[in-house]
S.K.: 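The following block contains the structure, expressed as structure tokens.
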There are 2 protein chains.
Amino acid sequence: MWAILSIRVENKPGILFKVTNLFRARNFNIDSISVGVMENPEFSKMTITTVGTEKQIAQIVKQLDKMIDTIEVKRLDEKESVYKELVLFRIKSNGESDSTEISKLADTYGAKIHNGQEGSLIAELTSTPDKIKAFEELIKPFGILDSARTGVTAL
Amino acid sequence: MWAILSIRVENKPGILFKVTNLFRARNFNIDSISVGVMENPEFSKMTITTVGTEKQIAQIVKQLDKMIDTIEVKRLDEKESVYKELVLFRIKSNGESDSTEISKLADTYGAKIHNGQEGSLIAELTSTPDKIKAFEELIKPFGILDSARTGVTAL
């Protein structure tokens, strides 16, 4: 099962190291991670998505909670949270007809289009992981030259 | 100076640990980090923003490049790249007049508004770090109850 963990930590060097090491030591894969400083720059919030059994997830939450530098560890409910990811795709675009078609797809998904280097467009999409997946499938035939994604963040 | 590093790595447990450890060992702070799997799930791309002198940044790029699991390390040019961050803010909203004002601000910045728990709204904004900062300042008087951000991603 998929889980979204929201972890409030002290913003000091080494904390990301400790948290990722905890996952590593348990041979637990991190699906996506995002880290940002909070309003009070003494703190950061990490959002980690991972996949495991109910028992494994409960265990990792407990272990994270025990760490000295973690202030709060929450497992977010998929139904009651806002969870989104930002993805950038560099898409191959041969001429105007490609560009028009890509723009149409982008409109449908609420993606923004930026001009890329010659022969490419950059699509910027903030959405849920499933919608991003669907958009990706639709643009794949044009050729995805490069991509970058943030990992999920959630409240 | 501010630097955006784009690092393509093999997607295996422990790699995030190694990269963050490299920064830690040099007492180099990570401003924001985002990690996402790529089209080919064998690879991940990390985007790290950091602040340092020209020399320090050149050194960290060189060290990252030397690591076995890094496939490509690029320092992105601020002027020629698309770099964006996604932020969620939970904003206190006392009644309709607050809610109208917040929605107006959100429109100006291209933020989406979601219903939060009673007495709050969630604003979702994908933008550049400076515009996010400006929006944050404007909504601060209402009361920011919580926030979550992804860190910058870039192409």
Side-chain angles (χ1 to χ4, degrees), chain A residues 6 8 11-39 44-47 80-90 110 112 114-117 122 124-126 136 140 144-155, chain B residues 6 8 11-39 44-47 80-90 110 112 114-117 122 124-126 136 140 144-155:
Chain A
S6 178
R8 197 184 301 255
N11 187 23
K12 45 188 188 188
I15 174 66
L16 191 57
F17 163 90
K18 285 186 197 166
V19 169
T20 55
N21 195 26
L22 185 73
F23 278 78
R24 190 188 70 125
R26 276 150 196 80
N27 224 356
F28 228 59
N29 217 347
I30 292 178
D31 232 32
S32 84
I33 184 168
S34 62
V35 189
V37 285
M38 303 199 62
E39 252 224 291
S44 290
K45 189 188 271 180
M46 291 183 200
T47 307
E80 290 174 9
S81 327
V82 175
Y83 58 98
K84 295 280 178 89
E85 181 169 11
L86 160 63
V87 189
L88 301 171
F89 293 109
R90 189 188 302 281
K112 273 188 201 167
H114 304 270
N115 287 323
Q117 291 141 347
I122 291 177
E124 169 198 330
L125 176 61
T126 299
E136 191 178 359
K140 222 176 236 176
I144 298 175
L145 303 174
D146 201 358
S147 66
R149 49 202 311 158
T150 58
V152 169
T153 195
L155 265 192
Chain B
S6 178
R8 196 184 299 257
N11 186 25
K12 44 188 187 186
I15 173 67
L16 191 57
F17 163 91
K18 285 186 198 164
V19 170
T20 55
N21 196 26
L22 186 72
F23 279 78
R24 189 187 71 125
R26 274 146 198 83
N27 225 359
F28 228 61
N29 216 348
I30 293 178
D31 233 31
S32 84
I33 184 168
S34 62
V35 188
V37 285
M38 305 199 60
E39 252 225 292
S44 289
K45 188 188 273 179
M46 291 184 202
T47 307
E80 289 175 10
S81 328
V82 175
Y83 58 98
K84 295 282 177 89
E85 181 170 12
L86 160 63
V87 189
L88 301 171
F89 293 109
R90 189 189 302 282
K112 274 189 200 165
H114 304 269
N115 287 321
Q117 291 139 349
I122 292 176
E124 170 198 329
L125 176 61
T126 298
E136 191 178 0
K140 223 178 235 175
I144 298 175
L145 303 174
D146 201 359
S147 66
R149 48 201 312 159
T150 57
V152 169
T153 195
L155 264 193

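Every heavy atom of this structure was used, including side-chain atoms; hydrogens, water molecules and symmetry mates were not.
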S.K.: Under 4.5 Å heavy-atom distance to chain A, tell me which part of I122(B) shows up: side chain, backbone, both or neither.
M.R.: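 Side chain only.
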
S.K.: For the interface with chain A, which of V152(B), I30(B), D31(B), L86(B) has the highest count of heavy-atom pairs at distances below 4.5 Å?
M.R.: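 Looking at each of V152(B), I30(B), D31(B), L86(B) in turn, L86(B) comes out on top.
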
S.K.: Measure A154(B) against the heavy atoms of chain A and call it side chain, backbone, both or neither at under 4.5 Å.
M.R.: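 The backbone, not the side chain.
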
S.K.: With the side chain counted from C-beta on, respond yes when K18(A) and L22(A) share a heavy-atom pair under 4.5 Å apart, and no when they do not.
M.R.: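 K18(A) vs L22(A): side chains apart.
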
S.K.: Considering all heavy atoms of both residues, which atom of T153(A) and which atom of R149(B) are nearest to each other, and what is their separation?
M.R.: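 Closest approach of T153(A) to R149(B): OG1-N, 3.7 Å.
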
S.K.: Check whether any side-chain heavy atom of T20(A) lies under 4.5 Å from a side-chain heavy atom of I33(A), and answer yes or no.
M.R.: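 Sidechains of I33(A) and T20(A): in contact.
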
S.K.: I'd like to verify something: which residue of K112(B), R90(B), K84(B) has the highest number of heavy-atom pairs under 4.5 Å with chain A?
M.R.: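 So the answer, after comparing K112(B), R90(B), K84(B), is K84(B).
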
S.K.: Using 0.5 Å steps for rounding, measure from the OG1 atom of T47(A) to the CZ atom of R8(A).
M.R.: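 Reported value, rounded in 0.5 Å steps: 10.5 Å.
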
S.K.: Against chain A, label E124(B) side chain, backbone, both or neither, depending on which of its atoms sit under 4.5 Å from a heavy atom there.
M.R.: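 Only the side chain of E124(B) comes within 4.5 Å of chain A.
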
S.K.: Side chains of D146(B) and K45(A), heavy atoms from C-beta outward: is any pair under 4.5 Å?
M.R.: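 With C-beta onward as the side chain, the pair touches.
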
